[in-house]
Structures are given as structure tokens and as C-alpha cells.
Protein chains: 2
Amino acid sequence: MAKGDGLKPIRDPLGSGTGIDFAVIELLFFAYRDFTSDPDKILAGYGFGRAHHRVVHFVNRMPGLTVAELLDVLKITKQSLARVLKQLIDTGHIVQVQGPRDRRQRELYPTEKGRALALELAAPQSRRIGRALAGGGAADRTAVEHFLKAMVNPELRAQVDKLPHDGGGGEGL
Amino acid sequence: MAKGDGLKPIRDPLGSGTGIDFAVIELLFFAYRDFTSDPDKILAGYGFGRAHHRVVHFVNRMPGLTVAELLDVLKITKQSLARVLKQLIDTGHIVQVQGPRDRRQRELYPTEKGRALALELAAPQSRRIGRALAGGGAADRTAVEHFLKAMVNPELRAQVDKLPHDGGGGEGL
DNA sequence: AATTTATGTCAGCCTTGTTGACTTATTTTC
DNA sequence: GAAAATAAGTCAACAAGGCTGACATAAATT
């Protein structure tokens, strides 16, 4: 060792001339980190983690979805889901109902407590988004939504579209 | 238990009337998940994880930064950093140089191997971003950048600005 | 000379993901 | 109606990547 080893320190910053969009890569990293920090603080108070957040969120947005459907949305294994789901059921945030047509299935629904938690977690995230979009016009919001959707793998965009579209709302009139 | 318990399943989807921006909340979740899936696959081939990616990335973007500065960017503990940093040094991706003025400090630099890895990991992410921005004009790109930057905690925006600004590049002319 | 600072290291813990194997209840298929 | 497939639950073991606390070393500062 120690001949023409490629172990010499490179001193110029990576960037120029590569044609790579480092600006947006880094903005996504920092933006997402701070975006998730809001609910993380709240969750810690309940003894929950980010995994609980995702389950509570999607059960509230798609009430009655089955365990298999939830696994498909989250892209995790059922053993991984089982742990956090059990806690959320034990703490009364989520209830299971036997599927009406197929009794092997368990439909997942939020309780009032679970709905309240979902709202509490979403509120600061929505406020952050609201501030970030403030000042821009409708075209800016459209551009951001279009960009984020286009970042999702094409096969998975169907899932995004399956979620409720928030007809009535806050900003309308 | 089992009186007026709040354990009744709630059957209507959370959304309308709350004034909460669920659309963008969910788009950020899905977009970021797929955004990180590209490098994750490559990293697995090296026996590395997402933590290694972040270290390699920032050492390449800010060559010569000290361990303390890196900890500040990543917002993790030094024990947490130590593990992945040691591996990256042992595999010849990063080298440490004793600080010139303060010899307690260790300046971190990428090797040629480390630079190549950073590029390999950034390439698919940049391609994904390029596709997501394609079709839109310069105003759309500006809107997206402004949005993402505004999502970052104000105290931390200084760090974002410290990174190289990619003067010459791919898309210019 | 004493203290503070930058870094490294040891040990143990937690969360959240993984794989593999196996059980039970129910539905579907032949 | 028996056999096979499916939905869900569970046990065990493991890994990555965070965390805290404690302590060691070298170098700079006071």
C-alpha cells in the first residue's frame, strides 16, 4: 500500500460540471427532515414513533382498509406492522372489524381517539406547508403538486389517486 | 369498559372540512420514499445504508469539513456517526487529514473512490428530479425550489446556503 | 498548571425494519 | 366434501441506525 493508491484527498467540492441537480437533492433532504420533525416531537409524548404515525394516518384516510391493503400502501412486512398495530389497538386508537363479505379479513378503523391523534399530527405539517406556499399563487401550488407526484414511481401513482380529494376545505371561500 | 367508550369505528375518511393539506402531506411521503429508493438499491450492493450515503454526500459537497461540522449538518450524535464513518474510511472512500491550524480537528475529504460513489448515488436521484421537472418552465422550477427551502426550519436555512451553488452545469447552454 | 475542546471509543438500549417458520380461520377450487 | 389457497396472527432471530452515559487522549486555551 501507499503507491499510486487512490487515497489522496480530493479538495474541490463536488458540483459544477457534473450536470447533477444537487440543489434539489439537498433541499429534499433538509425539507423532509424538518417536515417530519414536527410530528416526531408529539409522538414521543405518547411513546410512539414514526411507524405509528404512518399507520394512524392511513387508517384515518382510508377507513375500513384491510391489513393486506395497509401493508401494500406502507410497503413493509406484516411482522413489522403487527408490532405497532397491536399497540395502537391496545391504546384504543384503532379498532378491527371482521370483514363483511370475507370474514378472514380485518377492516381497520380509527376510533375517536385515533382520529384526534391523526389530526394533531397533521396540523403542524399542514401549517408548515401553508407557510411554505404562502405568497405564491395557484400556479406555484400546482407546480409543487405536479413535481411531487412526478417524483413518485409511476406504478404507485394509482395509490396516491385512491386517497380522498378534499372537496370542501379551508382555503376555498 | 364498554359503555360510552370511544371505541366505535369511525367510517368517514379524514379530510374534508379540516382545512388540513393532506394532499401535499401525502405527496411528500410518497415522493421522498421513492426518491430514496434509488440510492438504497445501489448502497445495498456495497453493504452500506442510508447513513453512509449522507456522509459520503456531504463530505463530497463540503470537502475538508471537520467531524463537528458534519455532526452539525446531519444532526446525529458522534457515536452514531463513528460507526459509518469508520467503515467509509476503512473502505477507502474517505480520508482524514489533521487540521492545519487546530491539530485536534480532523478534516474529512473524499478519495477518488468516494467521489465516484457520491456521483453514482446522486445520478439516479438527479434523473428522477429532471423527469419530474421536465415539461415545466423555469418558473415551475423556481416555485419548487422556493417551496422546499421554505419547508426548512429558518435557523437551518443558512446551512443550505453554505453548499456550493453549481455555477457551470449541464442545462445551461 | 488547570481547564476546555475535538475527537475517539466502549457498552448497552430502543425503534423499526428484515427473514423464516408455523398456526388458525375461512374461502375457493376441484 | 375434501383439498388447496388465502388473510391474518405469532414466535424467534437478526440488522441498521438512532440514542445515552462514561471515559480516554491530545491539543489548545486560560
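Values in this document were obtained by computation on a predicted structure and should not be read as measured data. Every chain is numbered from 1, with letters handed out A, B, ... down the list of sequences.
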Q) In whole Å, what is the span from the CG atom of L70(A) to the C1' atom of dA7(D)? A) 14 Å
Q: For L88(A) and dG9(D), give me the distance from atom CG to atom C1', rounded to whole Å.
A: 16 Å
Q | Donor-acceptor pair, side chain of E69(B) and main chain of T66(B), under 3.5 angstrom | A | yes
Q. Can you tell me if CD on Q159(A) sees more than 12 non-hydrogen neighbours from other groups inside 6.0 Å?
A. yes
Q) the helix from dA1(C)-dT30(D) to dC30(C)-dG1(D): angle between its terminal axes, five pairs each, to 10°? A) 20°
Identify every side-chain donor-acceptor pair in residues 116-126 of chain A under 3.5 Å, counting partners at least two apart or on other chains, and give the distances.
residue	atom	partner	partner atom	Å
E120(A)	OE1	Y46(A)	OH	2.6
Q125(A)	NE2	F35(A)	O	3.0
S126(A)	OG	D21(B)	N	2.9

Q: Using atom CD1 of I76(A) as one end and atom C1' of dG9(D) as the other, report the distance to the nearest whole Å.
A: 15 Å
Q: Return yes if the base of dG21(D) and the side-chain atoms of Q79(B) contain a donor-acceptor N/O pair under 3.5 Å, otherwise no.
A: yes
Q: May I ask you to say what Q87(B) touches in the nucleic acid, namely base, sugar-phosphate or nothing, with a heavy-atom cut-off under 4.0 Å?
A: nothing
Q | Rounded distance (Å) that lies between atom P of dT25(D) and atom CZ of R104(B) | A | 17 Å
Q) Mind checking what makes ring pair (Phe, Tyr, Trp, His ring centres under 6.0 Å) contact with F48(A), not counting sequence neighbours? A) H52(A), H93(A)
Q. To the nearest Å, how far apart are L81(A) CG and dT10(D) C1'?
A. 13 Å
Q.
Among residues 30-69 of chain A, which ones have heavy-atom contacts with DNA chain C below 4.0 Å?
A. G49(A), R50(A), A51(A), H52(A), R54(A)
Q.
Please identify the 5'-most and 3'-most nucleotides of DNA chain C with any atom under 4.0 angstrom from a heavy atom of chain B.
A. dT5(C) to dC10(C)
Q | L71(B) CG to dG17(D) C1', straight-line distance once rounded to whole Å | A | 15 Å
Q) What pairs with R50(B) under salt bridge (Lys or Arg N to Asp or Glu O under 4.0 Å), at least two apart in sequence or on another chain? A) D40(B)
Q. Could you give the NZ-to-C1' distance, from K78(B) to dG21(D), as a whole number of Å?
A. 11 Å
Q: Measure from CD on Q105(B) to C1' on dT25(D) and round the result to the nearest Å.
A: 16 Å
Q: Would you mind reporting whether R157(A) and K149(A) have side-chain heavy atoms less than 4.5 Å apart?
A: yes
